[in-house]
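One structure is given here, and the rest of the page talks about it.
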Amino acid sequence: MLAKRFGTEIEEKWQEEWDRRGTYTFNGLDEREPYSIDTPPPFTSGELHMGHALSYSYFDFVARYKRMRGYNVFYPQGWDTQGFPTETKVEKKYGRLPREEFRKKCEEWSAQMIDKMKESMIKLGFSPDWKHQYRTLDKEYHRKVQLSLHIMYDKEMVYRGEHPVFWCYKCRSALAKSDTEDLERETLLNHIKFTGPEGEELIIATTRPELMYACVAVMFHPEDERYKHLEGKEITTALGKKVKAIADKDVDKEYGSGLLMVCTFGDKQDIVWAYRHKLPILSILDENGKLKGTGEFDGLKPKDAKEKIIEKFKEEGKLVKQEKLPQVVKVHDRCKTPVEYALSRQWFADITKHKEEIKQMARKVKWFPEFGISYLDNWADSVEWDWVISRQRHFGTPIPFYYCEKCNATEKADSLPFYLESAPEKECRCGGKMKPEESVLDCWVDSSITPLIIAGWPDRKGWEKLYPASLRPQGVEIVRTWAFYTIYRSGLGVTGEKPWDSILLNGNVLAPDGRKMSKSLGNVISPMELLKEYPADALRQWAALSGAMAKDRPFSYEDIKFAKSFLNKVWNASRFVQGNLEGYDGSKPQKLGTVDKWMMESLNLAIEECTDAMEGFEFNRSMRKLHDFFWHDFCDDYLEYVKYRMYGSDAESKKAAQYVLHEALFSFLKLLTPISPHICEEIYHELFGGKEGNTITFAPWPKAGERFREEYEKVEPMRTLISKIRQEKSSSQLSQGAEIVLTSPRIELEPELLDEVKNIARIKEINEGEFGIKAVEDKKEESK
RNA sequence: GAGCCCGUGGUCUAGCGGUUAUGACGCCAGCCUUACACGCUGGAUAUCCCCGGUUCGAAUCCGGGCGGGCUCACCA
């Protein structure tokens, strides 16, 4: 017998059972069509947040659905381990350590975090293949990342070069834009006197006067009447240096004086201009971020130099005025130090050259929702520089190259995996010594080959059969990084073929107030906290309901409460069915009543709708249909309609009802299984002959059966009439079980259905007349 | 500023050319009907953001506003 209530103990029982049996282990290719899922490896922070709960539920729905559709589902779990956040945590705990020891601690820490997260994921009922896990810190993973870079190097896609990059002087590392965040602050806009070709006074506006030593040009808008005549002429800066005046449409006439100086580099726009107009690049910051080559201000930090140089200009009468200006500066998200642009020798990947090819390859992938591709297009269109793939950090994949300090030649490492500690010495053709690269790779370099990793590239036999992966599910906010870089590396760089057939985008979870969840706002909800009050199956239903594709949705307690009560409904209805299936042998009855056929047709419609929804990853649509079908048609109506037959003496009629109860509930459970597997598994084993070792999670997905369209429509007026009688009982303050005499105008129903009405609504007799009901008196007396 | 998404009862949501405009939560009334009071039966609540247009007919299509969200660029 089903227990009185459904809850966590039952869920845990099945989680352990699935694990014990290895239910979801991929046992290699077989006669079934494979379906592989390129699941996001979460960053190993140790905590599972609501975003994870939502997106991993999404992936799990797909995996479970596809299994039931008969695919050989390959659903491995990866872990993204390397990067700044881990280093920061470990550094905080152990302080600065020698390179190798530090890496070891990082590895230990990651392993602990993985254990924590895995435990949480199991509690949510996720069904990845725990036998096929990968971690980006593994030697094997390193080897493949490095190999993929060698391949790209041979195609001249990866190179060492000198380019402006984001630079954190505190951490002494190049940074990607994604490692930065914005800080609002107030600064001063300084108006400073320069000298024109005729010795006339020209005013430029700048927030970074200390960079004037790196000034390489003065610019104005081509249609600015004030300055038009300066084009190509020489201007003398306040420091006495001569630079050219250049017209450029990106200059804002209205801003400051309409005249500006270009320094290498004060901001991003300077870089654009420097490259556009092929200006010389002067570097006036040394490796510690202090000024050099200025003479008087050498060794000062920019901030101090700024004060000094302003003082100097003031004294010389070259400072015209200062205005307060609100400004947004980029700071390194880990240490909050303002980021500078610096010309630096780094490793790059040539994404600028391949923008169009990336966009083209993205078109070969099916996007869910379709508009998702626009995120990638927009990003590709805005890419201006190559991707800096090197980081001056420790916990990352080593860059498998050598370079010559003398002539800057580069060469691949001879054997992989390559580690600095064990790198053999090499000599350069120029006679110089080759240095093994000390930097490590950006984490996106690691994660942009996951489709290759899971396929088993390059050594596992038959890896080509698992590439492209069937599906890449991921968050919409990392289209510009993860999806973009994966197409570029796995697709263009290594295989020349798209990395996946389809991509499914999910949005983010907001706090119930509609704002982002953040620790500082104190509005964070944790899935593990929710699990104390709600079953995992309810949390998963919440995910299905929230998952309007690629759309952010606030977390909703209403949804999860509703999900919980729905589970309760499913449970109790199943208990009722279980009680009434006693003595039923499972065989098909001689004939079905019209009401039975109505139920079967309603089931057909639910199967069709859910199948269609699941095929398009519209889990909320499927879930909604399951609510409608089960709660209203099956429980509220069919169960009630059938009760008198269950308690009655007509054995044939009872058997027909039993058959329909059995079929409808079983099919419904299968439709619900991908979303809420635990409850379905338990009921399956209790009611539907689930034997030891069986699982509903591999049951074939239901198909619509014999159609009863005509009966379905015939029953509608009957349902309306019953609803009217129920209403009448309600407003007469009668219990629904009360026996009545019905007065009604002529009722247009077939005798069979009219009989049903009489039995269902407990009507003793029907008189013709104005619509009304009367309780059968003595019944009331009896109950008193 | 640019691109994308969105604006439907108090709240959230479905619908995307003709519906008495879906459902959930909440609210109100009645009902302990042998699965479920975490329930059942009903009820009230909507100028479908605004203004134009297309159409016999628009929440639904088009144009323009206004408002919100996300991503990007934010300026010397």
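Numbered from 1 within each chain, the chains take letters A, B, ... in sequence-line order. All values below come from the heavy atoms of this structure, side chains included, with hydrogens, waters and symmetry mates left out.
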Determine the Euclidean distance between corresponding [atom1] atoms of [M] and [N]; express it in Å to zero decimal places.
N     : M     : atom1 : result
B/C51 : B/C66 : P     : 15 Å
B/U55 : B/C62 : P     : 16 Å
B/A44 : B/C28 : C1'   : 7 Å
B/U54 : B/U60 : P     : 15 Å
B/C6  : B/A29 : C1'   : 38 Å
B/A21 : B/A59 : C1'   : 8 Å
B/U20 : B/G9  : C1'   : 16 Å
B/A46 : B/G10 : C1'   : 11 Å

**Report entry** Set of ring pair (Phe, Tyr, Trp, His ring centres under 6.0 Å) partners for A/F166, sequence neighbours left out
**Finding:** A/Y341
Report task. Not counting sequence neighbours, which residues clear ring pair (Phe, Tyr, Trp, His ring centres under 6.0 Å) with A/Y584? List them please. Result -> A/H662
Please name the nucleotide paired to [N] by Watson-Crick or G-U wobble geometry with both distances under 3.5 Å, or report none.
N     : result
B/C74 : none
B/A37 : none
B/G17 : none
B/G9  : none
B/C4  : B/G69
B/C27 : B/G43

In whole Å, what is the span from the [atom1] atom of [X] to the [atom2] atom of [N]?
X      : N     : atom1 : atom2 : answer
A/K359 : B/G3  : NZ    : P     : 15 Å
A/K564 : B/C25 : NZ    : P     : 15 Å
A/K729 : B/C31 : NZ    : P     : 14 Å
A/K561 : B/C12 : NZ    : P     : 16 Å
A/R575 : B/U34 : CZ    : C1'   : 12 Å
A/D559 : B/G26 : CG    : C1'   : 14 Å
A/H632 : B/U22 : NE2   : C1'   : 11 Å
A/N508 : B/G69 : CG    : P     : 15 Å

Query - Nucleic acid contacts of residues 213-223 of chain A, taken as heavy-atom distances under 4.0 Å to RNA chain B - result: none
Taking side chain to side chain donor-acceptor pair (under 3.5 Å) as the test, write out the residues that go with [X], two or more places apart.
X      : answer
A/E11  : none
A/E231 : none
A/R363 : A/D377

**Report entry** B/U33 OP1/OP2 closer than 4.0 Å to side-chain N/O of A/Y641
**Finding:** no
Query - Residue-phosphate contact under 4.0 Å: A/K643 side-chain N/O, B/A35 OP1/OP2 - result: yes
Report summary line: The salt bridge (Lys or Arg N to Asp or Glu O under 4.0 Å) partners of A/D636 (sequence neighbours excluded) come to none
Query - Partners meeting salt bridge (Lys or Arg N to Asp or Glu O under 4.0 Å) with A/E640 (sequence neighbours left out) - result: A/K643
Report task. State, with a plain yes or no, whether a side-chain heavy atom of A/L239 is found less than 4.5 Å away from one of A/F313. Result -> yes
Query raised in the report: Between A/E477 and A/Y375, does any side-chain donor sit less than 3.5 Å from a side-chain acceptor?
Result: no
For nucleotides 39-43 of chain B, list the nitrogen or oxygen atoms of the protein found under 3.5 Å from its nitrogen or oxygen atoms, one pair per line.
{"from": "B/G39", "atom 1": "O3'", "to": "A/K569", "atom 2": "NZ", "distance (Å)": "3.1"}
{"from": "B/C40", "atom 1": "OP1", "to": "A/K569", "atom 2": "NZ", "distance (Å)": "3.0"}
{"from": "B/C40", "atom 1": "OP1", "to": "A/W631", "atom 2": "NE1", "distance (Å)": "2.5"}
{"from": "B/U41", "atom 1": "O2'", "to": "A/R726", "atom 2": "O", "distance (Å)": "3.2"}
{"from": "B/U41", "atom 1": "O2'", "to": "A/Q736", "atom 2": "NE2", "distance (Å)": "3.4"}
{"from": "B/U41", "atom 1": "O2", "to": "A/S730", "atom 2": "OG", "distance (Å)": "3.1"}
{"from": "B/G42", "atom 1": "OP1", "to": "A/S723", "atom 2": "OG", "distance (Å)": "2.8"}

Query raised in the report: Can A/F576 be said to stack with the base of B/C36, given centres closer than 5.5 angstrom and planes under 30 degrees apart?
Result: no
Query - Main-chain N/O of A/I675 paired to A/R540 side chain as donor or acceptor, under 3.5 Å - result: yes
**Report entry** Close aromatic pair by centroid cut-off 6.0 Å: A/F630 and A/F634
**Finding:** yes
**Report entry** A/F220 six-ring face occupied by A/K228 cation (under 6.0 Å, within 45°)
**Finding:** no
Requested in this report: Just call it for A/L639: base, sugar-phosphate, or nothing, with non-hydrogen atoms closer than 4.0 Å on any strand.
Outcome: base
Query raised in the report: What does A/R621 touch in the nucleic acid at a heavy-atom separation under 4.0 angstrom: a base, only the sugar-phosphate, or nothing?
Result: nothing
Write down the protein N/O and nucleotide N/O pairs, taken from nucleotides 71-76 of chain B, whose separation is under 3.5 Å; answer none if there are no such pairs.
{"from": "B/U71", "atom 1": "O3'", "to": "A/R480", "atom 2": "NE", "distance (Å)": "3.4"}
{"from": "B/C72", "atom 1": "OP1", "to": "A/R480", "atom 2": "NE", "distance (Å)": "3.1"}
{"from": "B/C72", "atom 1": "OP1", "to": "A/R480", "atom 2": "NH1", "distance (Å)": "3.0"}
{"from": "B/C72", "atom 1": "OP1", "to": "A/R480", "atom 2": "NH2", "distance (Å)": "2.3"}
{"from": "B/A73", "atom 1": "OP1", "to": "A/K177", "atom 2": "NZ", "distance (Å)": "2.1"}
{"from": "B/C75", "atom 1": "N4", "to": "A/D252", "atom 2": "OD2", "distance (Å)": "3.1"}
{"from": "B/A76", "atom 1": "OP2", "to": "A/Y255", "atom 2": "OH", "distance (Å)": "2.1"}
{"from": "B/A76", "atom 1": "O3'", "to": "A/T206", "atom 2": "OG1", "distance (Å)": "3.4"}
{"from": "B/A76", "atom 1": "O3'", "to": "A/T207", "atom 2": "N", "distance (Å)": "2.9"}
{"from": "B/A76", "atom 1": "O3'", "to": "A/T207", "atom 2": "OG1", "distance (Å)": "3.2"}
{"from": "B/A76", "atom 1": "N6", "to": "A/D252", "atom 2": "O", "distance (Å)": "2.6"}
{"from": "B/A76", "atom 1": "N6", "to": "A/Y255", "atom 2": "O", "distance (Å)": "3.3"}
{"from": "B/A76", "atom 1": "N1", "to": "A/D252", "atom 2": "N", "distance (Å)": "3.2"}

Query raised in the report: So which pairs with a foot in residues 205-221 of chain A pass side-chain hydrogen bond (donor to acceptor under 3.5 Å, both in side chains), sequence neighbours left out?
Result: A/R208-A/E210, A/R208-A/E340, A/Y213-A/E296
Can I get a per-line list of side-chain donor-acceptor pairs under 3.5 Å for residues 556-564 of chain A, giving both atom names and the distance, sequence neighbours left out?
{"from": "A/S556", "atom 1": "OG", "to": "A/E558", "atom 2": "N", "distance (Å)": "3.3"}
{"from": "A/S556", "atom 1": "OG", "to": "A/D559", "atom 2": "N", "distance (Å)": "2.9"}
{"from": "A/K564", "atom 1": "NZ", "to": "A/E533", "atom 2": "O", "distance (Å)": "3.2"}

